[in-house]
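These numbers come from the heavy atoms of this one structure, side chains and all, not from hydrogens, waters or symmetry mates.
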Number of protein chains: 2
Amino acid sequence: MGAEGHADGTVGKALDVLDMVAGFGRPVRFSDLLTQSDYPKATLYRLLQTLTHQGMLTLDPDTGTYALGVRLVRLAHAAWAQSSLAPIARPYLDELARETGETIHLAQMDLGQVLYVDKRNAARPVEMFAQAGKVGPAYCTGVGKAMLAYLPPEALEAALARQSFHRHTPHTLASREALLAELEAIRKRGHAWDAEEHETGIICCAVPILSRGGRVMGALSVTSTTARTTLEALGAQAPMIKDIAAKIAAEAESWRFPEQV
Amino acid sequence: MGAEGHADGTVGKALDVLDMVAGFGRPVRFSDLLTQSDYPKATLYRLLQTLTHQGMLTLDPDTGTYALGVRLVRLAHAAWAQSSLAPIARPYLDELARETGETIHLAQMDLGQVLYVDKRNAARPVEMFAQAGKVGPAYCTGVGKAMLAYLPPEALEAALARQSFHRHTPHTLASREALLAELEAIRKRGHAWDAEEHETGIICCAVPILSRGGRVMGALSVTSTTARTTLEALGAQAPMIKDIAAKIAAEAESWRFPEQV
DNA sequence: AGACTAAGTTTCAAATAGTGAAACCAAACG
DNA sequence: CGTTTGGTTTCACTATTTGAAACTTAGTCT
């Protein structure tokens, strides 16, 4: 993590620092950040000061460590409520979870990565904050591939450039070419598989959530294990998943959902 | 909403804009923001552009409206996990909810306002994102007063300056003086009441979560209704609530929790 | 103790990035 | 078809940001 591309302006740098702090996943000291970043000492120092003053970071005076501030949590609540599909999709996810009894994921695209914005766990009650907000790779997950397949050329290109193509399992499509072929197949088929490409034993069936104009708004998936079911059996559910995705899309449409990269 | 005090530097302004967009609670057009803010057209325009480019905002090309971006959701996940008391307090909240059967709130201080970081609803299962992240007034809520009472002088002063002292109910302490007297009483008593000061019929008992050094880390409250119970009955629970708060504090201490304003 | 080192904070002139009034453009309106 | 409304771009002016280096603590080692 860290070492972002090119941050435009002071704001970009500040946000970059924010990401960096987030990346550590624990309170960090000034010097930790200094070694990570390319910013010179004084610059980084002032950025941290500003962010702290703004409440985006908090500084523990005793240990001299920085952590993400609560202002972020507040902003995020608003972000989740207004900018993600989650609040709209909520009742539909419940329905799908009831119908299938499997794990449900709702995801959106965030800078070439998959961002899970909501989830239903087969057994447990929902625990949102703890689950949503996680990110995952796009090239080897059902939701990721479902979205990639319907991205417009430039956006796809940008997303592909950000894929790492790590071979998680023997089934992972670990090259650009293999992935492109699969995307073509997904467009033909209308839904995406995850055939143990990310984790052995885990399979899923995913469909994109498309606006009327064909814009990718997100993706929806039903996940299970090879122990419990097969790809074919999951595939039988595809029409229902597609149906739910369409309902979500229709409702989101009326909210005129903004474009995702 | 909007019209923040004085934003230091470009970063401050950008974050200010972010807050403003969040404040609307729906996608906003450029001109909506323009009328709200004091920033001149061009400045606001460039800020929006930068934020959009950074993924903190998204711009719907069709409607020309801005909404909070998904990057925030991602950041928030990290913030919630690493910087709030919530993950630590989780099991204790469960315990308290089981014991009391009432609604439980866990809050922290955010720029003079109360930020709810977790919640247990008497009946329903937890629904985090939808509930946490909300803010409320400090001067007329149990958790707010519990925290104010133990703030160091300068921080209290800063917080007081941000209170609006709106008279929500006939019981609201709607002046600085009345509030200060109550804070003194809270310190004596060791816990705070909300005696229908925010909403008629709603009462609660709240205690601060204090670090070993006496720093305010957050507050914990048990809420009920006048229909179901009385302040006195709630007061009987105070020792237990305090006990749980102490446990949370102790565990947080080992994580060396950072200072809150 | 005294000398060394690591970690964080401050300085200051140079350079860059941000500012905002005003001009411009485009689409919607009457 | 001229006008208004809403959004984008320009450009000279300025304030902010920059970062090497100097400085200050607070530990550590001998």
In whole angstrom, give the distance that lies between atom [atom1] of [X] and atom [atom2] of [N].
X	N	atom1	atom2	result
A:L59	C:dT9	CG	C1'	13 Å
A:Y39	D:dT17	OH	C1'	13 Å
A:L44	C:dG8	CG	P	10 Å
A:L34	C:dA6	CG	C1'	12 Å
A:D38	D:dA20	CG	P	13 Å
A:H53	C:dT9	NE2	P	16 Å
B:Q49	C:dA17	CD	C1'	15 Å
B:L48	D:dT9	CG	P	13 Å

Between B:T10 and A:Y45, name the one whose nearest nucleotide on DNA chain C is closer to the 5' end.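 Going by which nucleotide is closer to the 5' end, it is A:Y45.
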Residue mapping more 5' on DNA chain C - nearest nucleotide basis, A:G64 or A:R46: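 The residue whose closest nucleotide sits nearer the 5' end is A:G64.
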Phosphate-side-chain proximity, A:K13 and D:dT17, N/O vs OP1/OP2 below 4.0 Å: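 Indeed not, no polar side-chain atom of A:K13 lies that close.
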Please determine whether side-chain contact (heavy atoms from CB on, under 4.5 Å) holds for the pair B:I186 and B:H191, giving the CA-CA distance in whole Å, both sets of side-chain angles, and the decisive distance to 0.1 Å. CA-CA 5 Å; B:I186 291 170; B:H191 60 266; 6.0 Å; no
Got a salt bridge between B:E182 and B:K188, using NZ or NE/NH1/NH2 to carboxylate O under 4.0 Å?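 No.
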Is it true that B:D110 and A:R71 make a salt bridge, defined as a side-chain N closer than 4.0 Å to a carboxylate O? no
A:F30 and A:Y45 aromatic ring geometry - parallel, tilted or perpendicular at 30°/60° bounds: perpendicular
Using 30° and 60° as the class boundaries, would you call the ring planes of B:F165 and B:Y139 parallel, tilted or perpendicular?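 The arrangement is tilted - the two ring planes meet at 30° to 60°.
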Assign A:S31 to base, sugar-phosphate, or nothing according to its heavy-atom contacts below 4.0 angstrom with the strands shown. sugar-phosphate
When you measure from the side chain of A:R29, which nucleotide among D:dT9, D:dG19, C:dG8 comes out closest? C:dG8
For the side chain of A:F30, starting at C-beta, report the closest nucleotide among C:dT9, C:dT11, D:dT9. C:dT9
Side chain B:K41 and base D:dG7 donor-acceptor under 3.5 Å: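 For B:K41, whose side chain was compared with the base of D:dG7, there is a donor-acceptor pair (under 3.5 Å).
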